[in-house]
Structure formats: structure tokens, C-alpha cells
S.K.: 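A single structure is presented below for examination.
Computed from a predicted model, the values in this text were never measured in an experiment.
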Amino acid sequence: MRYCNGTVWVDLGDAGGDGSGATNPIRVQTNRVLSSVTDAEIVGDYIFAVANAGSALVIIDVSTADAPSITSVLQDADILRLPSAIVVDGNYAYIGTRGNYDLVVVDISDKAAPSIVANIDHDDSMPLGGNDIAKSGDYVFVTASGSRGFFIFDVSTPTAPTARASMNSPGSVWNSGGIAASGNYVYMKGSGANLVVLDVSDPDAPAVDNVLSGPNISSRLTMNGNYIYAVSANSDLVYSIDISTPTAVTLADSVSAILGGSNSRIFILGNYLYYAEVNRFASIDISDPTNMGAPSYYTSSPRRFGRAVVAKGSYVYALGNNFYIMDVTTPTAPTFDSVFMPEELCAGPYDRFFYCVENERDVSTSRKLTVWDYDDPLNPVERGTLSVVTSSTSATLSDLDYEDGYLYLPMGNGSPRLSVVDVSDPDSPSLAGTLSSFGSGNPVSGGGEVQAQGDYLYNTGGQYFVVTDISNKASISVLATIDANVPGTERMDGLIVSGEYAYIGSEREETFVIVDIADPSAPAVRSTTAFARVGRRPDMAIKDNVVFLQARELTPSSNYITSIDVSDPDSPVILDEVVRSGGFTESMVINGDYLYSNGSLSIIDVSDPSNMSEVASFSDSILNYSGISFGGNYAYVSNERGVSVIDVGTTYGAGSGASTCTEPDGVLGSMHFDYVSYTMRFCNGSRWEKMGADGNGGAGCSTPTGVAGTMYYDSGSNVYRYCEGDAWITVN
């Protein structure tokens with residue numbers, strides 16, 4: 001590995017192999033971390049939630065029960081990747097992941113500054129676990145998927161956990177999931193959805209004590225006193241299981257329920273059990289576990305509850321992609337109280353600013369707009385906010401656009417409405433104008449795209465292509481529309497406007513449409529071409545008379561980037577197509593010779609549109625169904641989970657061959673920060689080379705500010721430096 005110090009190439013370590021290098025995208029920052037919550041615990045005045053979207057532990061202050069606030073966020077894309085379960089005991093949080101480590105230990109003694117103090121993987125040769133987690137005494141128990149069974153870790157010294165034992169496919173424990181522990185016994189969902197009781201009195205030799213057959217339990221268990229509660233795998237029953245005699249557990253009762261999800265956590269507060277999932281929130285009287293009451297449901301809007309449920313006082317918190325607060329003052333009649341950190345749709349950066357708008361349906365007739373300053377991409381700052389009124393609680397925002405100091409927000413569903421917001425002062429955004437009627441039909445109800453160009457705004461939605469005159473922001477008006485009576489224009493979705501033409505992808509009819517907008521008051525379809533590759537969620541970008549269209553072909557289900565020569569708008573011609581990695585996507589952007597396609601992130605070399613190739617990809621749970629934009633060396637991924645920053649600016653490695661490193665996996669030239677030795681390392685083709693001496697694990701560096709692992713080029717001394725904990729280290 002070498003870098004240019006201004007005049008010469010400087011070695012960073014010993015010479016290595018000659019494997020081929022590749023662009024190495026790395027997610028370095030996430031704005032909205034409280035999303036895709038997989039599990040949560042509440043202790044005192046704090047909720048401890050683990051979230052896939054940000055690879056994060058989020059600590060939330062609920063000392064004022066109906067007004068939560070985030071106290072701190074701990075993110076680590078390596079160590080906390082794919083967190084799935086958490087248990088809190090004393091000054092430590094124990095987290096199971098499905099990423100790189102079976103167990104991660106976090107010191108939470110200072111709620112404002114949690115820190116990772118240990119991480120351990122039981123067996124590198126086997127798939128990772130982290131399905132669920134429990135603790136009893138000095139031991140933490142982590143379940144795994146597939147044949148790994150479960151693991152026992154000794155945490156008598158939390159900062160130095162040790163692996164004691166595991167059970168790999170021990171018959172009835174195969175495909176384990178939910179787990180609970182008390183004393184010398186562990187209770188776990190086993191193969192066939194039975195309840196397996198394990199004797200762990202000898203932590204080095206766990207043994208199956210007995211199995212309760214019959215209950216078809218789900219993958220989550222909740223212990224309360226002498227009972228375990230679980231939901232059936234097909235979500236039509238709630239079980240109470242008597243474990244007062246661990247060697248002979250019995251089914252105490254079951255009650256019929258209509259829940260619809262089997263992977264959510266049950267929470268018990270007082271005499272009531274609370275359960276939330278996608279479509280329902282339920283409460284059940286368990287004052288007599290042998291004769292549970294019938295469920296009471298909340299099924300009104302909102303109806304997108306999460307997997308994790310915790311409670312305090314008269315409030316229950318349901319966390320998933322959202323954070324709903326439910327009022328259970330009357331447990332048999334739960335009501336919706338409010339939403340904390342609702343879903344957002346974000347766009348940017350525009351002149352370094354991102355604009356994020358709440359997009360939570362069924363909650364309010366107004367949406368909060370937040371302006372984020374990304375002058376420092378890794379440390380965004382919230383600037384101004386504005387409440388934007390919508391036509392109804394069901395209104396949704398499928399796209400937004402910015403031009404010359406104004407933001408355009410089309411709200412569809414029900415009665416469509418267009419809002420124009422003046423954001424020239426990022427600290428004080430203000431409403432400049434609205435359009436409450438689009439004339440006949442419902443032109444934005446289909447949730448298409450919008451793009452401003454000069455005095456006109458163009459948008460697709462459902463069966464319409466709409467041109468709006470925005471020359472007078474206080475008095476905007478619909479100028480013209482093209483509807484579904486034009487062949488090939490039904491279900492218009494993807495849109496890119498350039499010069500005198502608008503290019504549209506029609507999802508339903510799998511067509512590519514070119515509209516002449518030389519006269520915006522009289523748009524005319526110039527050509528309509530059937531392309532099999534215009535499938536679900538088409539999106540486009542344009543460069544030098546070539547339109548790049550991405551879509552998911554409906555049959556078979558594959559994801560493509562197609563390059564189309566549009567130099568003759570009457571006869572567009574396909575130049576090339578390439579299958580892209582990851583799921584289907586809603587956004588793409590071109591920067592230089594590269595196209596960045598989202599969901600997951602795929603980087604396509606488009607220097608020759610007739611011979612495209614994918615040069616790199618980056619998979620992450622937060623990237624799907626997202627917008628994407630570019631600024632400097634960063635790709636910005638935005639969706640209902642906020643904004644993530646992906647470092648795509650550096651290409652490492654050279655030469656030929658296929659040399660790789662392991663633990664973690666990486667190709668020649670890959671770089672990673674080792675949180676054990678607190679050093680930056682690079683793959684020399686066969687092994688990971690340290691770039692400096694072992695670090696001290698401090699909390700971050702200053703002058704400039706950076707977290708552990710951050711790198712920067714010091715132009716004053718012409719050297720690269722990285723933050724090894726609390727000091728900047730020269731890497732040569």
C-alpha cells in the first residue's frame with residue numbers, strides 16, 4: 001500500500017501480494033439511527049435499543065414518559081453490524097449480533113458516552129448467531145440460527161468475556177431462536193417450535209434436561225416470575241408456560257389471538273402483557289397465568305408497529321422502523337399517544353444541505369421539514385425546521401426536489417397538494433406557496449417523481465405527467481398534463497428532465513417514453529418504446545445523450561442498468577445492459593465515469609456506455625428502497641431511515657491476480673480499523689498490515705475532530721494520519 005506524499009509514493013507497510021484492487025465503499029455515518037430496531041430493553045429512565053439501520057446502540061431518556069429524547073448513540077459498522085438482541089445488567093449492555101461477532105459488551109455507566117469494551121466470536125468457522133440473548137448470574141447465553149444451537153459466555157469480567165461452551169445441532173435444539181434464563185436453567189425455542197429446557201449448572205457442559213412438546217412457539221420468549229410467555233409461530237395463540245419446576249415445565253394456558261407476526265418481543269407491565277407487530281397492538285390480562293384474559297386490540301391508524309416493546313408507567317413504546325408511544329392508562333383500551341422520530345423522506349445534498357420531511361401516514365395532517373447542514377459529512381448539524389400542512393393524514397411524499405433556494409413537496413393520496421418552501425435561509429425555512437388542486441384526476445396519487453427546471457416543475461404520478469408553472473411561487477398553477485389516454489404512459493414513475501425533453505419510465509406497461517417539452521404548455525409524446533427492462537420502480541440518469549435506466553425486470557426478477565442512446569428522440573437505441581448487485585432500487589446518480597445505483601449500493605463504470613461494468617458493490621440493511629446523491633468523495637443514501645454517508649472516494653490496490661485476506665475478509669488494498677489493537681490496517685494480499693503502533697482505545701481525536709479509525713491527509717506535513725483512539729497517528 002502506498003500513498004503520494006506530494007512528490008513520491010510512500011510505503012505504508014511491508015510489500016505484499018499482487019491481487020487486484022477495487023473501489024471499497026464504506027458506510028461512515030448515519031443520520032437517523034433509530035430505525036430497523038430489532039430489540040430493546042428498558043432500565044429505569046432509559047430505553048436501550050439496538051438498530052440494524054445504523055449498526056447502533058441508541059440510549060433514549062424516558063424520564064418524562066410521554067416525551068422521549070435521545071441521550072446518546074453508539075455506532076460501529078463492524079463490531080455492531082446487524083445487532084439483533086440486547087440484555088442490560090448493571091453498568092453493561094450485552095448485545096448479540098448476526099454480523100461479525102456473537103457477543104458485544106458495552107459499558108453504559110455513562111449514558112451519554114457508552115463505549116464498546118469487548119467483543120467475541122465463538123467460532124469463526126461457523127455461521128454467526130445473535131438471534132436472541134439472555135443473562136443469568138455471570139453467564140450470557142446467545143442463540144444462533146441453523147445448526148449452531150447456542151453459546152455460553154462467561155462475563156464475570158465484562159471487559160474480558162470468555163467462551164465456555166456451545167451446542168451445535170443437539171437434536172431438539174436445532175434452529176434455535178428465543179431464549180430466557182434463570183438460575184441454572186436456560187429455556188429455548190427448539191426444533192419443531194418446542195420449548196427446550198437446558199441444564200447449565202456446568203457451563204462447560206450444558207445438557208438438555210427436558211422438552212415441552214405441543215406449544216408451537218415463536219422465536220421470542222419473555223420470562224415473568226415462574227412463567228414464560230410466547231406467541232405461537234402462526235401468531236394465533238399466546239402461551240403461558242409454568243417453569244416453577246424447571247425439570248417438568250408445563251403449559252399453563254393459551255389464549256386465541258390475532259396478531260400477524262411471530263418475531264416480536266412481549267413486554268409485561270404489572271398484570272398485563274403487551275405485544276406489537278406490523279398491524280396490531282395487543283394487551284392481555286395475565287393476572288392469573290392459568291386463565292389469561294382475551295386480548296384487547298388497537299388496530300386504528302397508525303398500524304405499523306415494531307418488533308421491540310418496552311413500557312414505563314402508563315406508556316408502552318413500540319419500536320421498529322418507527323417509535324410509537326401508546327397510552328395504556330386503561331390497559332384493556334390502549335390508545336395511540338404520539339410518534340417519536342417518524343419516518344422521513346430526505347433529499348440532497350443541495351449546496352451542502354439535506355432536506356428531510358416526515359412521511360408518517362395516518363398520524364397528522366402536517367409534516368415536519370428539517371434542514372440538515374452537511375458541511376462536515378460525518379457530523380451533520382440540524383438547522384431550521386418548518387411544519388408543512390398536508391391535505392389529509394393519508395398524504396404521502398414520494399419525492400421532493402430543490403432548485404435555486406426552493407424546495408418542492410408534492411403530497412399524494414386523497415387530495416394531492418404541492419407545497420413550495422423557501423429554504424434560502426437554512427435556519428428559517430418558510431412556506432412560499434401551495435397548490436391544492438391539480439385539476440381533473442389525481443396526478444400525484446401514484447407516487448412518482450418530481451423535477452424542477454427553470455420556471456417549470458415536472459412530475460409523474462400514476463397515469464399522469466404534469467407540468468406546473470412555478471415562475472410565481474406565491475401563485476403556482478398546473479400548466480399542462482398528459483394522461484393515460486396516450487399509449488404507453490400508464491403508471492408513469494421514473495423521470496429525468498434534460499433540456500427540451502423529459503424521459504419517463506412507465507412501470508406497468510414496461511415502456512420508455514420521451515416527451516418533448518420545448519413548449520412546456522403543450523408537452524407532446526415524441527416516442528414510446530417497449531423495453532422489457534422497464535420493470536418495477538424505474539429510475540434514470542442522463543449523460544451526453546445517453547439515458548441510464550435502472551429497473552427490476554418483473555419476470556424473471558433481476559436488476560438491470562440499461563444504457564439508451566437518445567440522440568434521436570424518435571428512435572432511442574439500447575447500447576448495453578448490466579445486471580447489478582443487490583435488491584431493486586429507486587434512485588441513481590452519475591459522478592464522472594461512474595454511476596451509483598442504490599439498494600444495495602452498486603458502482604457501475606459507464607465511461608463507455610456500450611460496455612458498462614459493475615466495479616464494486618456495498619450491501620447494508622439501510623440502503624434498500626432509497627434515494628442516492630453524490631458530493632465530493634461521498635455517496636449519500638436517503639430514505640425513510642434518514643441519511644447515510646458512504647465513503648466511495650478511494651480506490652485501493654493495483655495489479656492482477658486475486659489475493660485476499662481473512663478475519664475479516666478483504667481483497668488486496670482493502671482497509672479496516674482494528675478495534676482490538678486500535679490500529680488502521682490494510683490487506684497486503686495475504687495478511688492485514690498494521691499502519692502504526694497499537695492504540696489506547698480512547699474516545700476520539702481533536703484538531704481535527706475524528707472518531708477512531710478516521711483518516712485524513714495532513715497537507716502541512718504531507719502525511720496521512722489516522723485516529724487510533726485519542727491521538728492522530730502518522731501511517732508511514
Side-chain angles (χ1 to χ4, degrees), residues 37 39-42 47 65 85 132 134 177-180 182 187 189 193-195 212 214-244 249-320 322-337:
V37 172
D39 198 14
E41 277 230 340
I42 187 167
I47 295 173
D132 204 0
I179 191 170
S182 178
Y187 307 86
K189 174 226 172 182
N194 299 319
L195 181 70
L212 176 63
N216 182 27
I217 61 176
S218 71
S219 59
R220 295 286 191 177
L221 306 176
T222 296
M223 181 181 291
N224 187 51
N226 288 326
Y227 292 88
I228 282 177
Y229 297 86
V231 176
S232 63
N234 54 359
S235 305
D236 61 353
L237 291 171
V238 174
Y239 300 113
S240 60
I241 301 170
D242 188 339
I243 59 169
S244 56
V249 296
T250 59
L251 178 64
D253 193 21
S254 63
V255 60
S256 296
I258 305 173
L259 296 174
S262 61
N263 202 29
S264 294
R265 180 78 71 189
I266 288 171
F267 192 87
I268 295 171
L269 180 65
N271 289 327
Y272 285 86
L273 175 155
Y274 298 97
Y275 183 95
E277 43 79 40
V278 175
N279 292 319
R280 267 166 227 277
F281 179 89
S283 62
I284 298 175
D285 186 341
I286 58 167
S287 54
D288 181 357
T290 64
N291 186 24
M292 297 185 291
S296 298
Y297 299 110
Y298 179 86
T299 58
S300 302
S301 298
R303 293 182 58 190
R304 290 176 291 170
F305 299 103
R307 295 175 58 181
V309 180
V310 293
K312 179 186 178 185
S314 297
Y315 296 96
V316 175
Y317 311 100
L319 299 85
N322 312 287
F323 185 129
Y324 291 129
I325 304 174
M326 303 298 296
D327 188 334
V328 293
T329 303
T330 304
T332 55
T335 59
F336 172 72
D337 179 271

S.K.: What heavy-atom pair brings Leu212 and Asn194 nearest, and what distance separates the two atoms?
M.R.: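 Reported closest heavy-atom pair: O-CB, 3.4 Å.
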
S.K.: Supply the atom-to-atom distance Tyr229 OH to Ser254 OG, rounded to the nearest 0.5 angstrom.
M.R.: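 It is 13.0 Å, given to the nearest 0.5 Å.
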
S.K.: How many angstroms lie between atom CD1 of Ile325 and atom CG of Asp327, to the nearest 0.5 angstrom?
M.R.: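 Rounded to the nearest 0.5 Å, the CD1-CG separation comes to 10.0 Å.
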
S.K.: Val37 and Ala308: which non-hydrogen atoms are nearest, and at how many Å?
M.R.: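 Shortest heavy-atom separation between Val37 and Ala308 comes out as CG1-CB, 4.0 Å.
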
S.K.: CD1/Ile179 to CE/Met223 distance, rounded to the nearest 0.5 angstrom?
M.R.: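 So the CD1 of Ile179 and the CE of Met223 are separated by 9.5 Å.
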
S.K.: Is any side-chain heavy atom of Val328 closer than 4.5 Å to one of Tyr274?
M.R.: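 When only atoms from C-beta onward are counted, Val328 and Tyr274 do touch, with a gap below 4.5 Å.
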
S.K.: Taking all heavy atoms of Thr329 and all of Ser314, pick out the closest pair and write down the distance.
M.R.: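 It is OG1-CB, 3.6 Å.
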
S.K.: Nearest 0.5 Å, what's the CG-CG distance between Asp285 and Asn291?
M.R.: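 Result: 9.0 Å between the selected atoms.
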
S.K.: Could you pull out all residues at least two apart from Thr290 that satisfy side-chain hydrogen bond (donor to acceptor under 3.5 Å, both in side chains)?
M.R.: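 With sequence neighbours excluded, Thr290 shows a side-chain hydrogen bond (donor to acceptor under 3.5 Å, both in side chains) to Asp288, given in chain and number order.
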
S.K.: Tyr275 versus Thr222: any side-chain heavy-atom pair under 4.5 Å?
M.R.: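 Not touching, per the 4.5 Å side-chain cut-off.
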
S.K.: Closer than 3.5 angstrom, by distance alone: can the side chain of Ser240 be matched with the main-chain N or O of Asp253 as a donor-acceptor pair?
M.R.: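 Side chain of Ser240 to backbone of Asp253, a donor-acceptor pair under 3.5 Å: yes, one is there.
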
S.K.: Can you find a pair of side-chain heavy atoms, one from Leu221 and one from Leu195, that are under 4.5 Å apart?
M.R.: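 A side-chain contact exists here, since the closest heavy-atom pair is under 4.5 Å.
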
S.K.: Tell me whether Ser283 contacts the main-chain N or O of Pro331 through its side chain, where contact means a donor paired with an acceptor under 3.5 Å.
M.R.: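 Yes, the answer is positive, given that a donor and an acceptor are paired below the 3.5 Å cut-off.
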
S.K.: Can you give me the closest heavy-atom contact between Ile42 and Lys312, atom names plus distance?
M.R.: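 Between these two residues, the closest heavy atoms are CD1-CB, 3.8 Å.
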
S.K.: Considering all heavy atoms of both residues, which atom of Tyr239 and which atom of Asn216 are nearest to each other, and what is their separation?
M.R.: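 It is OH-N, 3.2 Å.
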
S.K.: With sequence neighbours left out, write down each residue that passes side-chain hydrogen bond (donor to acceptor under 3.5 Å, both in side chains) with Asn224, or none if nothing qualifies.
M.R.: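 If we apply the side-chain hydrogen bond (donor to acceptor under 3.5 Å, both in side chains) test to Asn224, skipping adjacent residues, there are no hits.
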
S.K.: So how far is it from Tyr227 OH to Ile243 CD1, rounded to the nearest 0.5 Å?
M.R.: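 Taking OH in Tyr227 and CD1 in Ile243, the distance rounds to 10.0 Å.
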
S.K.: Could you label the plane-to-plane angle of the Tyr315 and Tyr317 rings as parallel, tilted or perpendicular, counting under 30° as parallel and over 60° as perpendicular?
M.R.: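 Correct class here is parallel.
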
S.K.: Which distance, rounded to the nearest 0.5 Å, do you find between the OG of Ser287 and the CG of Asn271?
M.R.: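 Rounded to the nearest 0.5 Å, the OG-CG separation comes to 5.0 Å.
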
S.K.: Among Ile266, Leu273, Val238, Val255, which one satisfies side-chain contact (heavy atoms from CB on, under 4.5 Å) with Ile286?
M.R.: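 Among the candidates, only Leu273 passes.
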
S.K.: List the atom of Ile228, the atom of Ala180, and the distance in Å for their closest heavy-atom pair.
M.R.: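 Minimum heavy-atom separation between Ile228 and Ala180: CD1-CB, 4.3 Å.
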
